[in-house]
Amino acid sequence: MARKLETEAAGTALVDHGRRRFIGTATLAAAAAGLGLGTGRAQAAPPAARPAADSPSPTGFKSLKQIDAGPLNIGYAEDGPADGPVVLLLHGWPYDIHSYVEVAPILAGAGYRVIVPHLRGYGTTRFLSAATPRNGQQAAIAADMIALMDALKIQTAILAGYDWGARTANIMAALWPERCKAMVSVSGYLIGSQELNRAPLPPKAELQWWYQYYFATERGRAGYAKYTHDFAKLIWQLASPNWAFDDATFNRSAASLDNPDHVDISIHNYRWRLGLAEGETHYDALERALAAFPTIKVPTITMEGDANGAPHPEPEMYRAKFTSRYEHRLITGGIGHNLPQEAPKAFAQAVLDIGKN
């Protein structure tokens with residue numbers, strides 16, 4: 001069960017910027033003033049770190065495993081010493097564990113036990129029961145990861161992620177801070193609420209969510225089911241316009257989207273955000289706590305790529321949500337949305353730095 005969290009005053013509520021929500025600079029400033037959020041600039045960032053051109057990239061993980069955890073049998077990659085401090089690396093949509101194929105060996109070489117799970121609806125992760133709802137709401141995914149830690153007998157871990165993975169790490173750090181030693185979060189604070197998502201955004205902001213509205217229709221469900229790989233490749237290209245990934249790199253991850261539950265989980269996630277789909281009642285208490293936009297009290301580094309094609313909040317919008325040791329890093333050099341795969345050395349270094357006492 002999640003620990004009871006004190007709710008914050010309504011005036012500190014933070015807009016759920018999610019994956020691709022765009023709000024112009026002026027709108028962000030106005031929102032910050034209206035919401036009472038801090039606007040002090042975060043610390044400067046180090047430059048991007050890409051693998052050297054003559055350094056071959058790994059094509060896979062050393063060890064792939066399966067374990068029953070909560071309602072799932074979760075597939076995960078593992079690297080590093082079994083008795084090392086744990087890092088849990090969480091991927092986004094529509095990507096997979098290979099976002100961390102170059103990050104994992106760096107952390108393992110530094111002595112960390114690295115766990116990289118397929119989220120529900122991806123790769124080799126499967127539901128244990130056909131009767132379990134194919135639910136993509138934010139609390140369910142976070143609860144899955146707590147169940148995974150329990151199954152692996154991991155008491156505490158450094159959490160790191162981007163996109164859905166960053167939101168999941170945020171939720172775990174907010175609701176279960178005793179399980180989180182520290183966190184690295186791409187694009188900052190991504191906890192959302194259905195209630196706040198009821199408010200319309202300016203037209204340019206709504207335009208960036210085109211696929212969310214597409215998914216709200218049965219035509220959208222059918223289209224995503226028919227063209228899953230094409231759809232994912234388009235998102236990769238839009239979100240990381242300077243990332244020259246090759247077909248082998250894309251196809252390796254796209255195979256994870258062939259999971260039999262992937263379409264249902266993806267569609268439910270975006271419909272749930274808009275209040276068009278119900279969640280499961282046993283997550284209601286968690287969602288009420290998240291709707292208060294709790295602060296995160298563990299040491300955190302937030303990161304952003306300088307060429308992130310997925311619209312994202314400015315660091316000033318979320319700085320006040322982190323109340324422990326904190327730093328923000330802008331990673332330069334044309335880095336897009338899938339930051340750990342595009343700048344693995346920079347991402348791994350952030351994990352190593354935040355893990356220091």
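All of these numbers come straight from a predicted model, not from anything done at the bench.
- Remark: of the listed residues I301, V186, L339, V184, I301 is the sole one forming a side-chain contact (heavy atoms from CB on, under 4.5 Å) with R329.
- Between D306 and I335 the shortest heavy-atom distance is OD1-N, 2.9 Å.
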Step-by-step ring-ring contact (aromatic ring centres under 6.0 Å, His included) determination, F215 to W272:
CA-CA 11 Å; F215 287 170; W272 179 87; over 10 Å; no
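- The number of heavy atoms from other shown groups lying within 6.0 Å of CD (E278) does not exceed 12.
- Scanning for side chain to side chain contact (heavy atoms under 4.5 Å, CB included) contacts around A151 gives I67, A69, with sequence neighbours left out.
- Annotation: side chain of T156 is not in contact with side chain of V86 (no heavy-atom distance under 4.5 Å).
- Pairing each heavy atom of M183 with each of A173, the nearest pair is SD-CB, 4.0 Å.
- In terms of hydrophobic clustering, with Ile, Leu, Val, Met, Phe, Trp and Tyr side chains grouped at heavy-atom distances under 4.5 Å, L128 and M149 are assigned to different clusters.
- Proximity of R126 to P260: side-chain heavy atoms (C-beta onward) are separated by under 4.5 Å at one or more points.
- Rounding to the nearest 0.5 Å places OH of Y100 at 13.0 Å from CD1 of I106.
- Side-chain polar atoms of H229 and N251 form no donor-acceptor pair below 3.5 angstrom.
- Aromatic ring centres of Y270 and Y214: separated by at least 6.0 Å.
- Minimum heavy-atom separation, G60 to R252: N-NH1, 4.5 Å.
- When the shell of 6.0 Å around OH of Y213 is examined, it contains more than 12 heavy atoms from other residues, nucleotides or ligands.
- Note on E218 versus R221: salt bridge recorded, some NZ/NE/NH1/NH2 to OD/OE distance being below 4.0 Å.
- Residue V114 comes nearest to A108 through the heavy atom pair CG2-N, 3.8 Å, listed as atom of the first residue, atom of the second, then distance.
- Of the candidates D144, L152, T124, L148, L148 is the only one forming a side-chain contact (heavy atoms from CB on, under 4.5 Å) with P117.
- Looking at R325 and D353, no side-chain N of the basic residue comes within less than 4.0 Å of a carboxylate O on the acidic one, giving no salt bridge.
- A continuous path of hydrophobic side-chain contacts links I265 to I235 [ILVMFWY only; heavy atoms under 4.5 Å].
- A donor-acceptor contact closer than 3.5 angstrom is absent between the side chains of S240 and N338.
- Test W236, Y122, Y211 against W93 for ring pair (Phe, Tyr, Trp, His ring centres under 6.0 Å) and you get one pass: Y211.
- Taking 4.5 Å as the limit, some side-chain heavy atom of Y162 sits within range of a side-chain heavy atom of S99.
- The shortest side-chain heavy-atom distance between N170 and Y318 does not fall under the 4.5 Å cut-off.
- Grouping the Ile, Leu, Val, Met, Phe, Trp and Tyr side chains by contacts below 4.5 angstrom, directly or via other members, places F250 apart from Y227.
- The closest side-chain donor-acceptor pair between T168 and Q138, if any, does not fall under 3.5 angstrom.
- Between the side chains of T249 and D246, at least one donor N or O lies within less than 3.5 Å of an accepting N or O.
- Note: F293 and Y189 have tilted aromatic rings, judged against thresholds of 30 and 60 degrees for the angle between ring planes.
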